[in-house]
Amino acid sequence: MNKAIILAGGQGKRMKADMPKPLFKVLGEPMLEWVISACESAGVSDICVIKGFKGEMIDDYLGGRYTTALQSERLGTGHAVMQGIPFLKNDESGNTLVLCGDAPFIDEATIRDALALHQEQNNAVTVITSELEEPKGYGRIIRTDKGISGIVEEKDATPEQKKIKEVNSGTYWFRTADLIELLGKITNNNAQSEYYLTDTIFLALANGKNAGAYKSPNPDIIKGANDRKELLEFNEYARRQVIDKHLENGVEFTCLDGVIIEREVEIGKDTEILPGTILRGKTKIGARCKIGPNVVIENSTVGDETIVNTAQIYDSEVAEGVNVGPFVHIRPDCHIGKNAKIGDFVEVKNSSVGEKTAIAHLAYIGDSDIGRKVNIGCGTVTVNYDGITKNRCVIGDNSFVGCNTNLIAPVKLGKAVYTAAGTTVTRDIPDYALAIERGVMKINEGYTIRKLKTKQGK
Ligand code: UD1
Ligand code: CA
């Protein structure tokens with residue numbers, strides 16, 4: 001079976017951080033995750049990640065999803081792959097893809113097409129290359145009439161070799177059994193005294209095996225981030241690629257300022273995205289919506305024709321035709337029904353809100369189930385937490401909750417219930433009832449004038 005080894009041992013000193021470089025994020029996801037997902041989409045899911053600097057952070061991030069192996073000393077790319085030998089020996093029958101965990105733009109097509117060439121040429125190793133206008137710093141591909149003869153690192157290259165524009169991307173397909181054999185032959189006789197994985201090319205040829213190069217039409221596969229400036233450029237680049245895809249799909253953007261859309265987000269046709277909109281994770285936005293300005297939506301679904309303005313929505317579902325905002329916080333586990341209205345200045349948490357219900361101003365709704373066509377008055381609070389436990393409030397269809405009502409949970413309002421403004425509800429209310437809880441209002445006539453006279457000593 002085919003498998004992959006991802007090199008993620010690097011510290012990235014120039015990042016100036018205590019974190020392995022492949023964990024730095026591009027568009028919300030670690031570069032390592034971009035590489036993993038390229039492997040997965042190319043059908044390679046048996047993966048071993050080689051960790052080194054702060055390896056425990058790699059383990060924490062992966063959470064056991066893939067095998068890892070530790071490279072405790074940084075002795076070169078060949079040495080890094082050697083740490084994966086036990087993983088390779090689990091099954092030597094297929095091919096192994098080796099990739100760099102800090103080059104996030106490797107793509108599925110390149111992986112698949114390179115494998116096809118690798119198998120067609122019956123190669124022990126096939127290096128994936130591309131052409132760069134500025135090849136400085138990369139290993140150069142030495143081509144001959146018959147194919148390739150090797151890869152020369154910048155530091156070991158002659159001035160003539162430095163002119164070659166075809167460079168090593170750092171990604172390779174190996175026949176697994178050959179990789180194990182060739183790793184045993186790599187030495188560190190070079191300018192950097194490192195075990196170079198690139199030596200597998202000439203070693204394969206010297207041992208009567210085939211070696212080849214697959215030139216990818218996509219030079220972005222080479223890009224590896226070394227410092228924060230490059231990381232920012234990667235983010236810009238990835239951001240624009242995602243936005244371009246949505247433009248092609250019929251999404252409207254008039255200004256991209258502050259617009260960040262992560263790559264798994266889906267957006268329907270004719271939806272308008274306004275400045276300051278950040279869409280994260282597995283978010284799905286319907287068609288003909290208006291999202292923004294100043295919106296964060298994470299791992300949530302938003303139905304067609306919904307408006308979200310100046311709001312944050314996390315791990316929730318908002319149905320179609322809803323009007324959210326401005327100044328609204330929808331916290332995890334909410335379900336907002338069709339044509340509801342939420343906000344402004346409203347927080348909703350772990351609650352369901354029925355169709356056509358309006359929570360139009362200044363309210364907190366937590367741990368509650370609100371029916372259809374309910375009106376929640378301004379200043380309503382579901383008092384869901386007594387300092388020890390959290391309890392639920394239930395509000396029946398067609399109820400009218402007066403302004404500044406406190407609902408002390410657990411409490412249940414039946415169908416079409418009224419609460420008078422300012423009521424603190426401490427008991428369940430039956431269907432069709434009015435609950436009013438108020439002191440008797442007194443009017444003390446002439447009070448202000450008497451008070452003024454006392455003050456003036458009259
Ligand atoms: C390597 C290639 C070069 C290629 C370039 C593409 C070698 C000898 N050279 O160069 O031909 O053009 O990648 O980017 O392979 N790593 C470890 N442990 C180590 C050394 C490296 O895990 O001991 C990891 C790094 O974290 C990184 C990857 O391997 O993810 C590549 O290492 P890097 O030092 O960037 O390789 P280069 O010398 O730039
Ligand atoms: Ca590098």
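Computed over heavy atoms, backbone and side chain alike; hydrogens, waters and symmetry mates excluded. Start at 1 and go down the list; that is how both ligands and their atoms are numbered.
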Asker: Between Val81, Thr77, Val127, flag the one that comes closest to atom 7 (C) of ligand 1 by a heavy atom.
Answerer: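 Nearest option to atom 7 (C) of ligand 1, by heavy atoms: Thr77.
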Asker: Could you say whether the N/O atoms of Ile222 and ligand 1 ever approach to under 3.5 Å?
Answerer: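 For ligand 1, there is no N or O atom that lies under 3.5 Å from one belonging to Ile222.
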Asker: Could you walk me through whether Glu181 and Lys209 pass the salt bridge (Lys or Arg N to Asp or Glu O under 4.0 Å) check?
Answerer: CA-CA 11 Å; Glu181 185 189 327; Lys209 300 177 196 288; 3.1 Å; yes
Asker: Report yes or no: does Thr198 have a heavy atom closer than 4.0 Å to ligand 1?
Answerer: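 So Thr198 counts as touching ligand 1.
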Asker: Does any N or O atom in Tyr196 lie less than 3.5 angstrom from one in ligand 1, N or O only?
Answerer: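 Such a contact does not occur with ligand 1.
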Asker: My understanding is that we take every heavy atom of each candidate and find the minimum distance to atom 18 (N) of ligand 1. Doing that for Gln71, Met82, Glu154, which one comes out nearest?
Answerer: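 Ranked by closest heavy atom to atom 18 (N) of ligand 1, first place is Gln71.
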Asker: With a 4.0 Å cut-off on heavy atoms, is His79 in contact with ligand 1?
Answerer: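 Per 4.0 Å heavy-atom rule, His79 does not contact ligand 1.
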Asker: Assess whether salt bridge (Lys or Arg N to Asp or Glu O under 4.0 Å) is satisfied between Lys3 and Asp91, documenting all intermediate values.
Answerer: CA-CA 9 Å; Lys3 44 193 174 182; Asp91 174 9; 5.2 Å; no
Asker: Can you spot which of Trp34, Phe24, Phe105 makes a ring-ring contact (aromatic ring centres under 6.0 Å, His included) with Phe234?
Answerer: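 Output: one option passes, namely Phe105.
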Asker: Side chains of Asn95 and His118: any donor to acceptor distance under 3.5 Å?
Answerer: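 Judged by distance alone, the side chains do pair up.
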Asker: Suppose I only count heavy atoms of Ser169 and a 4.0 Å limit; which atoms of ligand 1 are within that range?
Answerer: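 Selected atoms, number and element: 6 (C).
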Asker: Enumerate the atoms of ligand 1 whose separation from the nearest heavy atom of Cys100 is less than 4.0 angstrom.
Answerer: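 Atoms satisfying the 4.0 Å criterion: 28 (C), 30 (O), 31 (C).
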Asker: Should you measure from each heavy atom of Ala80, which atoms of ligand 1 turn up under 4.0 Å away?
Answerer: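 Those atoms are 17 (C), 18 (N), 22 (O).
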Asker: By number and element, which atoms of ligand 1 are closer than 4.0 Å to a non-hydrogen atom of Gly139?
Answerer: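 Checking each atom against Gly139, I get 3 (C), 4 (C), 11 (O), 12 (O).
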Asker: Salt bridge (Lys or Arg N to Asp or Glu O under 4.0 Å), that's the test. Do Lys136 and Glu154 meet it? Break it down for me.
Answerer: CA-CA 7 Å; Lys136 195 166 184 281; Glu154 171 90 23; 5.0 Å; no
Asker: From the options Ile151, Ile50, Leu75, Asn168, select the one whose nearest heavy atom is closest to atom 4 (C) of ligand 1.
Answerer: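 Of the listed residues, Asn168 has the closest heavy atom.
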Asker: Can you list the ligand 1 atoms lying under 4.0 Å from a non-hydrogen atom of Asp102?
Answerer: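 That gives atoms 27 (C), 30 (O) of ligand 1.
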Asker: Hydrogens and angles aside, do Thr176 and Thr96 bring a side-chain donor and acceptor to less than 3.5 Å of each other?
Answerer: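 Side-chain D/A pair, Thr176 to Thr96: present.
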Asker: Got an N/O contact under 3.5 Å between Leu7 and ligand 1?
Answerer: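 Yes - when backbone and side-chain N and O of Leu7 are compared with those of ligand 1, one distance drops under 3.5 Å.
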Asker: Between the side chain of Asp199 and the main-chain N/O of Tyr195, is any donor-acceptor distance below 3.5 Å?
Answerer: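 The answer is no, because no donor-acceptor pair under 3.5 Å joins these two groups.
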Asker: Quick check: closest heavy atoms across Glu230 and Gly224, and the distance to 0.1 Å?
Answerer: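 Smallest heavy-atom distance, with atoms named: OE1-O, 3.3 Å.
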Asker: Could you check Glu233, Arg240, Arg239, Gln241 and say which one makes a side chain to side chain donor-acceptor pair (under 3.5 Å) with Tyr237?
Answerer: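 Output: one option passes, namely Gln241.
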Asker: Considering Pro20, Gly10, Gly9, Gly76 one by one, which has a heavy atom nearer to atom 23 (O) of ligand 1 than any of the others?
Answerer: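 Residue with the shortest heavy-atom distance to the ligand atom: Gly76.
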Asker: Would Gly52 count as a contact of ligand 1 if the rule is a heavy atom under 4.0 Å away?
Answerer: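 For ligand 1, residue contact (heavy atoms, under 4.0 Å) with Gly52 is absent.
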Asker: Report the distance from atom CG of Asn168 to atom OH of Tyr196, rounding to the nearest 0.5 Å.
Answerer: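 Rounded to the nearest 0.5 Å, the CG-OH separation comes out at 12.0 Å.
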Asker: Closer than 4.0 Å to some heavy atom of Glu153 - which atoms of ligand 1 meet that?
Answerer: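 Going through ligand 1 atom by atom, the ones under 4.0 Å from Glu153 are 2 (C), 3 (C), 7 (C), 8 (C), 9 (N), 10 (O), 11 (O).
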